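Report on the following structure.
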Amino acid sequence: MDKRIAKQAAFRAAFRVTVPVLWGYLAIGMTFGCMLYIQTGYGWPVAMVMSLLLYAGAMQFLAVPLIAQGAPLGQIALLTLLVNARHMVYGLSLFDTFGRCGKLGKLYAIFGLTDEAYALHTGVPPPPGADPGTFTLWVTVLCQSYWVIGGIIGNVIASLFEFDPRGIEFTLTALFLVILHGQWQQFRTKLPFVVGLGAGITAIVLVGSGNMLLVAVAMVVCLMIALRARLLATERENP
Amino acid sequence: MSETILRGGPLILAIGVICIITLCTRAFPFVFFSGGRKPSALVLYLGRVLPPAIVALLVIYSLKDVALFSPPYAIPEAVACLLVLALQQWRRNAMLSIGLGTLAYMAMIQWVF
């Protein structure tokens with residue numbers, strides 16, 4: 001009986017802490033669903049499947065033009081790896097938190113470890129009286145359900161209403177700029193930004209816009225490894 | 001709609017690849033470091049500094065087909081980018097910045113330029 005109460009308390013607490021994500025994910029999910037319809041013509045089932053299986057914010061957005069332009073699989077794979085590289089360190093602080101979720105639950109919590117879920121898992125501890133494992137799982141389930149529902153709604157709206165979509169692809173640029181703005185505040189050294197912008201422009205000049213991505217990504221990785229000593233030194237000098 | 005859109009098998013393959021690679025990046029520390037083993041300094045370094053560099057690159061990527069040397073000389077893109085950054089600096093509201101920035105861009109290329 002106590003266990004049931006602790007699980008219900010976990011659900012209520014999880015819902016409360018995910019409300020800010022609810023509005024954010026509904027809005028971004030809707031934009032994704034809308035862009036998917038406009039750029040590829042795919043309806044809500046594809047939007048739903050993508051939101052269920054990909055569930056990766058920026059990468060899911062980026063998948064739309066890649067699908068629309070028929071990008072080669074290798075390019076899609078490499079881009080996914082790099083855009084999601086930040087997730088490779090997220091888990092380091094969550095061994096205990098996810099360890100309480102059971103085997104399958106842990107796998108799902110790892111699958112659903114988006115930027116926002118990470119912020120909640122590390123920033124909001126389960127309240128007293130709530131079952132911690134259940135709380136962590138509900139946070140993950142609720143966040144993804146907002147995302148999926150947003151994607152479906154946005155896709156259906158785009159398919160119902162006729163409007164001139166020219167320029168809507170700027171959403172992707174705007175999304176990246178907003179992420180960039182946040183990272184700019186976080187990072188003392190601005191070297192990574194210079195490297196990313198410089199590599200992008202250089203690659204367009206060298207090989208043209210059609211093939212720029214792989215070349216630019218290779219430049220970014222090599223340059224960041226080459227500049228490692230310098231970047232760490234800069235960070236030490238300006239604490 | 002162009003002819004290049006991925007359909008059927010290639011579409012499923014693309015979604016599958018993104019799904020599995022995303023899961024791998026998220027599962028990476030749980031698979032390799034949960035036993036108390038420490039990740040190498042290079043892995044930690046790249047996990048930390050690659051994201052800002054890649055996002056900066058993605059801004060350029062998303063604008064790669066903008067014509068700089070013919071009218072309207074990328075003016076709508078430049079104005080909309082500055083608007084997004086200014087709104088974000090002012091209100092820190094991602095929805096507002098993305099929404100107004102995109103609407104302003106659409107208005108510019110549909111009605112002004």
Side-chain angles (χ1 to χ4, degrees), chain A residues 24 27 40-41 49-50 53-54 56 59 63 67-70 73 76-77 80-92 95 110-111 113 164 166-168 170-181 183 187 192-193 195-197 199-201 204 209 212-213 216 220 224 228 231, chain B residues 1-2 4-6 10-11 13-19 21-23 25-30 33-34 39 42-65 76-77 80-81 84-85 88-89 94-95 97-99 101-102 105-106 108-110:
Chain A
T40 67
V49 168
M50 284 179 73
L53 292 181
L54 306 188
M59 190 55 217
I67 288 172
Q69 294 159 14
L73 202 59
I76 296 178
T80 311
L81 185 63
L82 286 156
V83 173
N84 289 332
R86 64 188 186 282
H87 296 319
M88 294 174 75
V89 289
Y90 280 4
L92 292 172
F95 293 145
I110 292 172
F111 167 82
L113 187 53
D164 189 345
R166 276 178 304 147
I168 191 128
F170 188 78
T171 319
L172 192 63
T173 308
L175 174 72
F176 291 144
L177 282 173
V178 165
I179 299 174
L180 194 68
H181 180 270
Q183 287 172 334
F187 271 77
F193 303 96
V195 166
L197 294 174
I201 294 166
I204 292 177
S209 67
M212 60 85 73
L213 198 52
V220 164
M224 290 318 292
R228 184 171 161 205
L231 190 144
Chain B
M1 305 300 138
S2 79
T4 56
I5 292 176
L6 298 180
L11 174 70
L13 211 58
I15 293 178
V17 159
I18 302 175
C19 172
I21 293 181
T22 302
L23 182 60
T25 60
R26 290 174 183 172
F28 177 77
F30 294 91
F33 305 119
S34 59
L42 184 65
V43 169
L44 286 177
Y45 167 77
L46 285 179
R48 193 166 61 87
V49 301
L50 273 186
I54 294 291
V55 173
L57 165 62
L58 287 175
V59 172
I60 302 292
Y61 171 76
S62 71
L63 294 168
K64 68 183 162 53
D65 294 312
E77 286 78 13
C81 285
V84 170
L85 289 174
Q88 189 62 14
Q89 179 68 29
M95 290 311 101
S97 310
I98 296 172
T102 304
Y105 180 72
M106 292 174 75
M108 279 189 283
I109 64 163
Q110 290 184 19

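Model, not experiment: these values are computed from the prediction. Chain naming here is simple, since letters A, B, ... match the order of the sequence lines and numbering starts at 1 in each.
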Chain B contacts, top residue of A:Phe193, A:Phe170, A:Phe187 (heavy-atom pairs, under 4.5 Å)
A:Phe170
Is the side chain of B:Thr4 donor-acceptor paired with the backbone N or O of A:Ala68 at a distance under 3.5 Å, no angle test?
yes
Less than 4.5 Å apart, side chain to side chain, heavy atoms only: is that true for B:Ile21 and A:Asn84?
no
Check whether any side-chain heavy atom of A:Thr173 lies under 4.5 Å from a side-chain heavy atom of B:Tyr105, and answer yes or no.
no
Please classify the contact between B:Ile15 and chain A as side chain, backbone, both or neither, with a heavy-atom cut-off of under 4.5 Å.
both
Hey, are the side chains of A:Leu177 and B:Cys81 touching, using non-hydrogen atoms and a 4.5 Å cut-off?
yes
If I take atom NE2 from residue A:His87 and atom CZ from residue B:Arg26, how far apart are they, to the nearest 0.5 angstrom?
4.0 Å
Here the gap from A:Leu180 atom CG to B:Leu85 atom CG, rounded to the nearest 0.5 Å, amounts to 7.5 Å
If you count heavy-atom pairs within less than 4.5 Å of chain B, which of A:Ile110, A:Leu81, A:Ile179, A:Leu82 leads?
A:Ile110
Check each atom of A:Met212 against the heavy atoms of chain B and say whether the ones under 4.5 Å are side chain, backbone, both or neither.
side chain
Measuring from A:Thr40:OG1 to A:Ile67:CD1, what's the distance to the nearest 0.5 Å?
7.0 Å
Aromatic rings B:Phe33 and B:Phe28: how do their planes relate, parallel, tilted or perpendicular, breaks at 30° and 60°?
perpendicular
Using heavy-atom distances under 4.5 Å, tell me whether A:Phe111 contacts chain B through its side chain, its backbone, both, or neither.
both
Engaged part of B:Leu11 at the chain A interface, taking heavy atoms whose separation is under 4.5 Å:
side chain
With chain B, the option among A:Ala56, A:Gly91, A:Ala199 that has the most non-hydrogen atom pairs under 4.5 Å is A:Gly91
When rounded to the nearest 0.5 angstrom, what is the spacing between CZ in A:Arg166 and CE in B:Met106?
9.0 Å
Is chain B contacted by the side chain of A:Ile204, its backbone, both, or neither, given a heavy-atom distance below 4.5 Å?
side chain
Greatest number of non-hydrogen atom pairs under 4.5 angstrom with chain A, of B:Pro10, B:Ala27, B:Pro52, falls to B:Pro52
What's the spacing between B:Asp65 CG and A:Gln69 CD if we round to 0.5 Å?
7.0 Å
Residue from B:Leu58, B:Val84, B:Leu13, B:Val49 scoring the most non-hydrogen pairs under 4.5 Å with chain A is B:Leu58
Side chain / backbone / both / neither for B:Leu46 at chain A, heavy atoms under 4.5 Å:
side chain
Under 4.5 Å from any heavy atom of chain B, what part of A:Met59 do you find: side chain, backbone, both or neither?
side chain
Selection from A:Val195, A:Leu231, A:Val49 maximising heavy-atom pairs under 4.5 Å formed with chain B
A:Leu231
Identify which of B:Val17, B:Ile109, B:Leu63, B:Ile18 forms the greatest number of heavy-atom pairs closer than 4.5 Å to chain A.
B:Ile18
Using a cut-off of under 4.5 Å on heavy-atom pairs, state which of A:Ile76, A:Ile201, A:Ile168, A:Val83 scores highest against chain B.
A:Ile168
Best-contacting candidate, A:Ala77, A:Pro192, A:Gly200, against chain B by heavy atom pairs under 4.5 angstrom
A:Pro192
